[in-house]
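The block underneath contains the structure these notes are about, expressed in structure tokens.
Chain naming here is simple, since letters A, B, ... match the order of the sequence lines and numbering starts at 1 in each.
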2 protein chains.
Amino acid sequence: MSIKSDNRHLYLQVIDRIKHDIETGVYKEKQKLPSEFELSKQLGVSRATLREALRILEEENVIIRRHGVGTFVNARPLFTSGIEQLSSVTDMIEQAGRKPGTIFLSSTVQGSTEEDMRRFQCSPDEEILLVERVRTADGEPVVYCLDKIPCKYLPKGISYEYESLFENLHNQTNRDIAYAVAHIEPLGYHEKVSPILQCEPETALLVLKQMHFDKNDEPVLYSINYFKSDKFSFHVLRKRINF
Amino acid sequence: MSIKSDNRHLYLQVIDRIKHDIETGVYKEKQKLPSEFELSKQLGVSRATLREALRILEEENVIIRRHGVGTFVNARPLFTSGIEQLSSVTDMIEQAGRKPGTIFLSSTVQGSTEEDMRRFQCSPDEEILLVERVRTADGEPVVYCLDKIPCKYLPKGISYEYESLFENLHNQTNRDIAYAVAHIEPLGYHEKVSPILQCEPETALLVLKQMHFDKNDEPVLYSINYFKSDKFSFHVLRKRINF
DNA sequence: TAGGTTAAATTGTCTAACATCAGAGGTCTG
DNA sequence: CAGACCTCTGATGTTAGACAATTTAACCTA
């Protein structure tokens with residue numbers, strides 16, 4: 001394989017390998033995979049291990065398994081980059097092929113409000129940093145960002161002007177953001193934000209209020225993002241649970 | 001177990017059983033589950049089957065497994081009913097503890113537009129049924145619905161006035177909706193819809209444009225739903241992929 | 001031709017064993 | 001007594017092989 005650390009569990013490596021083979025066209029859409037017995041021989045793992053990998057790939061809708069028939073590559077190619085995949089605003093702008101920029105508005109340190117205490121599960125004397133920025137794409141303002149983060153998570157002398165808060169946290173502290181719970185709200189007009197983003201009167205805003213957690217489920221960052229609806233498009237894959 | 005059809009695969013039943021036991025408090029947060037050997041004996045399945053179930057529960061972030069240590073219930077309580085879980089508008093209203101109703105506005109049969117042909121992958125002479133309804137909660141209008149569905153998927157004499165289109169499709173045809181791709185858009189004011197939903201001027205709308213598919217990835221239903229933003233709250237769990 | 005039967009292929013499930021890892025506790029040594 | 005090291009134990013990870021259930025297609029028969 002590659003130089004990659006393969007000290008990870010075997011079934012994870014198998015998952016990556018099969019995904020890779022699908023992406024590179026070894027197995028094509030709707031095509032039948034080799035039988036489990038055959039495939040386990042090819043990959044040099046036991047059938048049980050292969051099955052654990054296949055189960056997860058099925059759960060992720062990458063493949064479909066049919067009892068007595070076989071395992072097939074699922075169609076559904078590029079539904080990625082949906083909203084269920086968390087990425088920083090910086091990444092979103094870059095993925096759209098545009099150059100991200102930041103207009104720094106303000107940063108203040110406050111005591112924690114009652115809401116903050118609930119959100120971050122902290123004491124009343126915990127200090128919270130509040131950063132206010134406008135994100136731009138090729139110089140054009142597209143997102144208004146309000147970020148709240150407890151000071152204890154930040155080293156002293158951190159530079160808030162730097163583009164990505166996600167990268168900041170990754171580089172300057174050891175807290176990687178693992179997931180977030182996002183609340184989605186529409187907003188017709190906001191007295192302060194709409195003019196900042198230079199919105200036409202008929203352009204609505206999509207507001208994402210997000211609580212970010214690290215891999216230990218500790219709340220790290222709360223953010224409110226106002227997206228110009230004509231500059232961003234959000235979608236999500238919704239799965240049915242019952243029947 | 002219950003009266004439920006247990007002709008489904010064993011590992012799926014095990015998943016449901018464990019989820020149920022977590023919800024009902026048999027296993028509590030952060031608590032250690034019995035060992036795989038023990039648990040497989042309790043449930044009356046083999047360890048291999050149990051492991052397939054546990055793998056998926058781990059993938060779904062319900063449990064955490066640590067080699068050489070054990071399996072633990074994850075914190076993360078009730079993040080369900082997020083938007084990534086597809087349910088009909090009827091279900092959403094019911095889950096809010098209110099009584100769903102329908103105001104039937106119109107239904108027309110049209111030829112397929114170019115857009116329809118692309119969406120449903122059908123020929124130009126395919127006829128499309130267009131249904132226009134207002135959904136109510138305890139009599140109050142909350143969602144404006146526009147549904148497009150190819151006539152070939154519908155038996156003759158189907159009753160569109162009946163509450164849930166999802167259930168209609170399930171009962172009167174054999175096409176169960178399995179998933180949908182939803183595009184999310186904010187809307188400040190809509191000339192036609194806002195008055196129908198009796199929106200205050202400052203109340204924005206959240207628009208969900210959704211393509212629904214059955215389990216064979218066949219496009220079945222296209223719908224545009226306008227939600228009154230003060231009556232509905234949407235959220236989604238966003239996971240980080242890289243790092 | 002129509003319908004039933006059989007056989008082959010494939011996924012689903014089970015059993016038993018060994019490998020690997022992490023933690024607990026004891027032992028040795030400075 | 002403290003700290004490093006060892007060993008034992010219980011847990012998950014992995015393997016091998018077998019049988020069960022299901023689907024499909026080929027075959028046979030009336």
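In terms of position on DNA chain D, the residue among A:Val69 and A:Glu52 whose nearest nucleotide sits closer to the 5' end is A:Glu52.
Nearest to the side chain of B:Thr49, among C:dT13, C:dA22, C:dT11, sits C:dT13. Of the candidate nucleotides C:dG12, C:dT10, C:dG23, C:dG23 has the atom nearest to the side chain of B:Arg66.
Atom-to-atom, CZ of A:Arg55 to P of C:dT10 comes out at 17 Å; the value is rounded to the nearest Å. Taking atom CD of residue B:Glu36 and atom C1' of nucleotide C:dC14, one finds them 15 Å apart after rounding to whole Å. Atom C1' of nucleotide C:dA9 and atom CG of A:Leu33 are separated by 16 Å, given to the nearest angstrom. Here C:dT11 presents its C1' atom at 15 Å from CD of A:Glu38, a figure rounded to the nearest Å. Atom-to-atom, CZ of A:Arg51 to P of C:dT13 comes out at 7 Å; the value is rounded to the nearest Å. A straight line from CG of A:Leu50 to P of C:dG12 spans 11 Å, rounded to a whole angstrom. Regarding B:Lys41, its NZ atom lies at a distance of 12 Å from the P atom of C:dT15, rounded to whole Å.
At C:dT10, one or more side-chain N or O atoms of A:Lys32 fall inside 4.0 Å of OP1 or OP2 (strictly under the cut-off). Within the 4.0 Å cut-off from OP1 or OP2 of C:dT11, at least one side-chain nitrogen or oxygen of A:Thr71 is found.
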Output a table of nitrogen or oxygen pairs between the protein and nucleotides 17-20 of chain C separated by less than 3.5 Å.
unit_1: C:dA17; atom_1: N6; unit_2: B:Arg47; atom_2: NH1; d: 3.3
unit_1: C:dT20; atom_1: O2; unit_2: B:His67; atom_2: NE2; d: 2.9

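A salt bridge is defined here as a Lys NZ or Arg NE, NH1 or NH2 lying under 4.0 Å from an Asp or Glu carboxylate O, and A:Arg8 with A:Asp16 meets this definition.
With a cutoff of under 4.0 Å to any heavy atom of chain B, the contacted region of DNA chain D is bounded 5' to 3' by D:dG10 to D:dT14.
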Test B:Glu60 against B:Lys19 for salt bridge (charged side-chain N to carboxylate O under 4.0 Å, His left out), laying out the working first.
CA-CA 11 Å; B:Glu60 291 181 355; B:Lys19 275 186 177 173; 3.0 Å; yes
When you look at A:Lys239 and B:Glu84, which way does the salt bridge (charged side-chain N to carboxylate O under 4.0 Å, His left out) test go after all the steps?
-> CA-CA 6 Å; A:Lys239 290 182 210 165; B:Glu84 66 270 38; over 6 Å; no
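Residues satisfying the ring pair (Phe, Tyr, Trp, His ring centres under 6.0 Å) test with B:His183, not counting sequence neighbours, are A:His235. For the salt bridge (Lys or Arg N to Asp or Glu O under 4.0 Å) test, residues two or more places apart in sequence or in another chain that qualify with A:Glu58 are A:Arg55. By the ring pair (Phe, Tyr, Trp, His ring centres under 6.0 Å) test, B:Phe234 pairs with B:Phe227, sequence neighbours left out. In terms of the ring pair (Phe, Tyr, Trp, His ring centres under 6.0 Å) criterion, B:His20 has no residue partners (sequence neighbours excluded).
Considering B:Leu10, B:Leu54, B:Leu57 in turn, B:Leu57 is the only one that fulfils the side chain to side chain contact (heavy atoms under 4.5 Å, CB included) rule with B:Ile15.
Checked by atom type and distance alone, the side chain of B:Ser112 never pairs as donor or acceptor with a backbone atom of B:Met117 at under 3.5 Å.
Using a 4.0 Å heavy-atom cutoff across all strands shown, A:Phe37 reaches no nucleic acid atom at all.
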